[in-house]
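Just passing along the structure, written as structure tokens.
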Protein chains: 2
Amino acid sequence: MKHVAALAGVGIKTVSRVVNGEPNVSEETAARVWSAVRALDYHVDLQASSMRRAGGRTDTLGLLVSSVDNPFAAAITRAVEDVALTRDVAVFASSLDDDAAREELAVEAFLRRRVDGLILTTMSRSLSYLRPTLERGTPVVCIDREPLAADVDVVVSDNREGAASATRHLIAGGHRRIALIADRPDIQTAVDRRDGFLEALGGAGIPTLDIPVVMGVHDPESAYDAVHALLASENPPTAVVTAQNLITLGALRALQEAGARHTVALVGFDEVSMGDLLDPGVTVVRQDPQSIGRIAAERVFARIDGDESASQRHVVGTELVIRGSGEIRPRDSR
Amino acid sequence: MKHVAALAGVGIKTVSRVVNGEPNVSEETAARVWSAVRALDYHVDLQASSMRRAGGRTDTLGLLVSSVDNPFAAAITRAVEDVALTRDVAVFASSLDDDAAREELAVEAFLRRRVDGLILTTMSRSLSYLRPTLERGTPVVCIDREPLAADVDVVVSDNREGAASATRHLIAGGHRRIALIADRPDIQTAVDRRDGFLEALGGAGIPTLDIPVVMGVHDPESAYDAVHALLASENPPTAVVTAQNLITLGALRALQEAGARHTVALVGFDEVSMGDLLDPGVTVVRQDPQSIGRIAAERVFARIDGDESASQRHVVGTELVIRGSGEIRPRDSR
DNA sequence: ATGAAAGCGCTAACAC
DNA sequence: GTGTTAGCGCTTTCAT
């Protein structure tokens with residue numbers, strides 16, 4: 001900026017005014033400054049400017065998702081990015097990998113870079129490590145998973161009801177012996193979905209005692225193994241609810257290998273790509289990651305803009321998409 | 001930091017030393033500083049420190065991909081993130097949306113934030129707008145697409161050979177009338193893949209004059225339309241090469257609707273999720289986005305670390321994955 | 001309409 | 001082992 005000022009033959013503050021579009025600069029001066037800017041390929045240093053700027057904003061956001069690699073998280077990331085773009089805010093995207101230690105490290109990295117706000121998928125139920133940050137006024141929005149003991153904005157899917165609707169759908173189809181394959185119990189959505197599953201069974205008067213509920217399944221491989229084991233068991237389920245997109249994938253592979261794609265019903269939680277092209281099509285409870293990302297971004301920015309109202313809780317609805325796999329009838333409906 | 005120093009009863013520089021793990025601080029003093037750090041929930045300001053630090057590094061990377069939402073780009077993003085994490089570098093991820101204007105804006109946004117290096121998927125063939133940046137020594141690595149007239153490191157798939165191998169595979173299966181559905185001609189990989197396609201046909205002595213080559217197909221919907229039109233044409237192809245993952249998806253839907261999934265052969269470029277679960281399985285030329293991302297990140301960091309050697313060109317191989325759709329024989333092989 | 005001076009939070013260089 | 005000073009690139013405040 002010093003150099004630009006020198007080349008344009010003006011004071012350093014005038015350059016600042018021009019570059020930031022502030023008033024009180026003559027057309028002529030502005031033109032001279034702009035040509036110097038171009039000649040030197042000058043770009044404002046946002047870091048330096050944020051140090052003095054009122055409010056100290058960095059025009060930067062920290063986004064923590066399960067893994068940028070997962071389609072659900074990728075859609076959220078994209079939605080956040082799109083909102084941020086309208087405000088010239090850049091977003092740091094980071095993967096949690098469902099590792100509590102990594103969560104704190106990532107947030108620490110965001111904080112060191114003085115992000116204006118945080119959108120977080122967390123393992124932590126209490127967010128205790130964030131207490132001082134919250135007190136200092138840094139906006140935090142939790143997505144996908146809901147912390148218990150923290151006063152923050154939250155945007156989540158209706159996990160419980162979504163899982164319940166999947167289960168009710170299978171029950172309505174005549175199934176009584178329905179298995180659930182869900183993620184690790186330290187992941188909150190896994191627990192919510194299990195609760196919805198059990199609630200639906202209870203609501204239908206189906207005893208849940210010997211219903212196979214397999215938790216701790218985190219990837220397609222272990223989902224494959226879990227379904228494989230279920231099918232080989234003494235009293236195999238006639239239907240399966242898979243509580244997460246990667247689990248659905250592994251379960252489909254296991255059913256495929258067992259030649260059971262057309263005999264064992266399946267409803268997945270979360271959309272799977274090409275679900276409509278399989279035979280049978282994959283019935284799923286579809287989430288709406290775009291809305292989750294968009295709403296979360298809107299909430300952070302509202303807070304950044306000074307919204308001091310009570311923390312909000314947004315529940316984004318799910319939708320049962322019927323494609324065939326969930327409509328298979330039980331073979332031995334006695 | 002001032003406050004920490006005051007609370008710990010030491011000078012500000014001592015806090016700096018402790019926090020940055022520099023030597024020459026007594027255990028006792030360090031302990032006092034750390035407890036003050038914790039009491040105040042202090043986090044170093046990386047922005048401020050980077051202003052004074054020798055080299056002025058910000059420990060920040062800019063990554064531009066087609067869309068963080070696309071599985072191919074998402075895998076690259078994840079790989080870059082993983083390498084960056086080992087160096088405590090944060091990455092700004094941004095989507096290009098195959099829009100040249102957006103490209104320059106995104107890079108400008110990165111530059112304003114003084115990223116240490118750029119990993120870019122570009123539309124621009126010349127990278128002329130990056131000339132000053134390159135001269136200033138900011139490392140740039142181009143991925144997926146290869147600029148013509150810029151002296152930068154490049155990491156790309158072997159698009160031409162990959163497309164050629166897909167085509168040769170179909171020719172070996174007896175196909176003579178093979179259609180290509182590819183992306184917009186301003187996207188370089190689309191052109192490369194078309195060239196590979198035509199090269200393979202030429203190599204087999206198949207006249208390419210009336211071979212259907214549909215360019216400008218960017219999303220599943222237009223791919224659907226394109227395949228639909230081809231099937232309805234006077235002389236429909238017996239096989240299709242789809243040059244990109246979203247195109248493959250749309251093409252499969254069109255074949256499905258036409259009841260032609262088992263009669264018209266298909267080989268896709270780029271992996272599709274659940275490709276093994278379809279009937280027939282989807283034969284694809286698999287790229288290796290993880291390697292692309294990893295190598296690109298390693299190159300940027302090597303440059304950041306002072307590697308001044310000539311710019312490198314890494315070609316990451318592709319692999320033909322045979323699953324069924326590419327092995328369908330032509331019906332009317334006369 | 002323009003510029004000079006102060007200082008944001010930090011580290012390099014040099015005291016002590 | 002520790003503190004002081006200067007200054008990174010910028011914006012704020014206040015003069016002119």
Quick note, S26(B) side chain, CB onward, closest among dT2(C), dG9(D), dG1(D) is dG1(D)
Atom CZ of R53(A) and atom P of dG9(C) are separated, to the nearest Å, by 15 Å
From NZ of K13(A) across to P of dT12(D) the rounded distance in Å is 6 Å
Worksheet item: Cut-off 3.5 Å, side chains only: do R113(B) and T58(B) have a donor facing an acceptor?
Response: no
Distance check: side-chain N/O of S49(A) vs OP1/OP2 of dG9(D), anything under 4.0 Å? no
In whole angstroms, the gap separating C1' of dT11(D) from CG of L46(A) amounts to 13 Å
Judged by nearest nucleotide, the residue sitting upstream toward the 5' end of DNA chain D, R17(A) or Y42(A), is Y42(A)
Given the options I119(B), I292(B), D144(B), V155(B) meets side chain to side chain contact (heavy atoms under 4.5 Å, CB included) only with I292(B)
Of dA12(C), dA1(C), dC10(D), the nucleotide closest to the side chain of E22(B) is dA12(C)
Classify the side-chain pair S311(B)/D151(B) by whether it contains a donor and acceptor separated by less than 3.5 Å.
yes
Quick note, N24(B) side chain, CB onward, closest among dG9(C), dG1(D), dA12(C) is dG1(D)
In whole angstroms, the gap separating C1' of dA5(C) from CD1 of I12(A) amounts to 12 Å
Should S50(A) be listed as having a side-chain N or O under 4.0 Å from OP1 or OP2 of dC10(D)?
-> no
Atom CD of E27(B) and atom P of dG1(D) are separated, to the nearest Å, by 11 Å
Looking only at dC10(C), dT2(C), dG3(D), the nucleotide nearest the A48(B) side chain is dC10(C)
Comparing V44(A) with P23(B), nearest DNA chain D nucleotide closer to 5' gives the residue P23(B)
Out of dG3(D), dC10(D), dG9(D), minimum distance to the side chain of M1(A) belongs to dC10(D)
Requested in this report: Verify the contact: side-chain N or O of T29(A) to OP1 or OP2 of dT2(C), cut-off strictly under 4.0 Å; return yes or no.
Outcome: yes
Picking from dT12(D), dC10(C), dG3(D), the nucleotide nearest the side-chain atoms of R52(B) would be dC10(C)
Ranking dG9(C), dT2(C), dC10(D) by distance to the side chain of D45(B), first place goes to dG9(C)
Requested in this report: Taking only the side-chain nitrogens and oxygens of S16(B), find out if one of them lies under 4.0 Å from OP1 or OP2 of dT11(C).
Outcome: yes
* Give a yes or no on whether a donor-acceptor pair under 3.5 Å exists between the nucleobase atoms of dG9(C), that is its base, and the side chain of R114(A). => no
Assess whether atom CZ of R125(B) is packed by more than 12 heavy atoms of other residues, nucleotides or ligands within 6.0 Å. yes
Does the side chain of S95(A) pick up a donor-acceptor pair with the side chain of D97(A) at under 3.5 Å?
no
>> Taking only side-chain N and O atoms of N20(A), does any of them lie within less than 4.0 angstrom of OP1 or OP2 on dT11(D)?
In response: yes
